[in-house]
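Take a look at the structure set out below.
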Amino acid sequence: MQSRVNFAKAAPDAYKAVAALDSYVKGSGIEPRLIHLIKLRASQINGCAYCVDMHTKEARHSGLSQQWINLVCVWRESPHFDERERAVLGWTEALTNVAETRAPDDAYEALKAHFNEEEMTKITVAIGAINVWNRLCVGFRALPPIAAPAMAA
């Protein structure tokens, strides 16, 4: 696979606008652990190799366990996530797949049980932001760096 376009160079103003939204999310008061969940789960759903690689590394750097990170993609089957995290993961999936899910009431009610309106809005903005990054990276085939090949079996 080859990269298609370096979107940061092709449209620096667009890149800066998306980066500014991402900066807002980071400073919005949403718990970093929840931001990691949002970014990683949406990127997994969207098949964004670049973002999955980056957000996995960022989560590890923030001190989250490798097991916790590994189980994000199977969160429904794992006891490692509390009810707040599950609500965020469900809402992330619902909005990332909004054309199919139509943001169902059960996902909204789960979120509403743990967060106020301001927090829900900020979480939703965070979901939107990572989905913008995913669409840029998937659409233009941003490739994750290869730090080292997998070990031989």
Side-chain angles (χ1 to χ4, degrees), residues 1-78 80-82 84-104 107 111 115 119-153:
M1 181 179 299
Q2 288 189 335
S3 183
R4 291 176 172 165
V5 172
N6 180 332
F7 55 85
K9 286 185 180 178
D13 55 337
Y15 178 85
K16 287 177 187 173
V18 178
L21 182 58
D22 197 52
S23 290
Y24 166 78
V25 168
K26 288 177 185 171
S28 69
I30 300 170
E31 296 168 47
R33 179 182 187 100
L34 298 179
I35 293 174
H36 289 302
L37 279 178
I38 291 165
K39 288 181 175 185
L40 187 53
R41 187 64 190 125
S43 298
Q44 290 168 341
I45 293 166
N46 289 321
C48 185
Y50 185 90
C51 294
V52 168
D53 180 64
M54 177 183 2
H55 299 305
T56 298
K57 290 173 183 173
E58 288 177 351
R60 284 290 295 135
H61 183 73
S62 292
L64 298 169
S65 76
Q66 189 62 54
Q67 184 179 34
W68 187 88
I69 294 166
N70 292 346
L71 294 172
V72 168
C73 64
V74 290
W75 63 272
R76 284 184 174 85
E77 291 78 28
S78 172
H80 288 78
F81 303 95
D82 66 27
R84 292 176 81 245
E85 292 168 330
R86 289 177 182 283
V88 168
L89 285 161
W91 192 239
T92 299
E93 287 186 0
L95 295 187
T96 298
N97 294 311
V98 73
E100 297 165 17
T101 70
R102 310 309 299 166
L111 192 72
F115 300 96
E119 293 166 329
M120 291 190 302
T121 301
K122 290 177 179 183
I123 288 166
T124 301
V125 169
I127 294 165
I130 189 57
N131 274 279
V132 171
W133 284 120
N134 290 164
R135 278 145 182 77
L136 286 165
C137 291
V138 171
F140 294 125
R141 304 286 191 261
L143 303 175
I146 299 175
M151 293 176 45

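For the single chain, residues carry numbers from 1 onward in sequence order. If you're wondering where the values come from, they're calculated on a predicted model, not measured in any experiment. Scope of the values below: all heavy atoms of this structure, side chains included, with no hydrogens, waters or symmetry mates.
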* Asked: Is it true that a side-chain atom of S78 and a backbone atom of V74 form a donor plus acceptor pair closer than 3.5 Å?
  -> no
* Asked: Is there a donor in the side chain of R60 and an acceptor in the side chain of Q66, or the other way round, less than 3.5 Å apart?
  -> yes
* Given side chains that start at C-beta, do those of W91 and I38 come closer than 4.5 Å, heavy atoms only? -> no
* **Spatial distance of atom CZ (F81) from atom CG (L37) [nearest 0.5 Å]** => 6.0 Å
* **Test log, rule side chain to side chain contact (heavy atoms under 4.5 Å, CB included), inputs V18 and F7** => CA-CA 11 Å; V18 178; F7 55 85; over 6 Å; no
* Considering all heavy atoms, the nearest I130-A42 contact -> CG2-CB, 3.6 Å
* Asked: Can you list every side chain to side chain donor-acceptor pair (under 3.5 Å) pair that touches residues 45-55, not counting sequence neighbours?
  -> N46-N131, N46-N134, D53-K57, H55-E58
* Donor-acceptor contact below 3.5 Å, side chain N6 vs main chain K9 -> yes
* Asked: Got a second to check how far E85's CD is from L34's CG, nearest 0.5 Å?
  -> 6.5 Å
* **Euclidean distance, I127 CD1 relative to I35 CD1, rounded to 0.5 Å** => 11.5 Å
* Structure fact -> Here the gap from I69 atom CD1 to H80 atom NE2, rounded to the nearest 0.5 Å, amounts to 12.0 Å
* How long is the gap from CG on L64 to CZ on R33, to the nearest 0.5 Å? -> 5.5 Å
* Quick one: does L136's side chain get under 4.5 Å of Y15's, heavy atoms only? -> no
* **Distance-minimising heavy-atom pair for I30 and K122** => CD1-O, 3.3 Å
* To do: Using distance alone, with no hydrogens and no angle criterion, decide if N97 and E93 have a side-chain donor and acceptor under 3.5 Å apart.
  => no
* Structure fact -> Heavy-atom nearest pair, A10 first then P12, reads C-CD, 3.7 Å
* Structure fact -> Nearest heavy-atom contact between V25 and A129 is CG2-CB, 4.1 Å
* Structure fact -> For R84 and D82 the tightest heavy-atom approach is N-OD1, 3.1 Å
* Asked: Does W68 offer a backbone N or O that forms a donor-acceptor pair with the side chain of S65 under 3.5 Å?
  -> yes
* Show the numbers, then the answer: is there a side chain to side chain contact (heavy atoms under 4.5 Å, CB included) between T92 and I123? => CA-CA 9 Å; T92 299; I123 288 166; 5.6 Å; no
* **Residue pair D22 / K39: nearest heavy atoms and the distance that separates them** => OD1-NZ, 3.3 Å
* Answer whether the closest heavy-atom distance between the side chains of C137 and C51 falls below 4.5 Å. => yes
* **Nearest-0.5 Å distance that lies between atom CH2 in W133 and atom SG in C48** => 10.5 Å
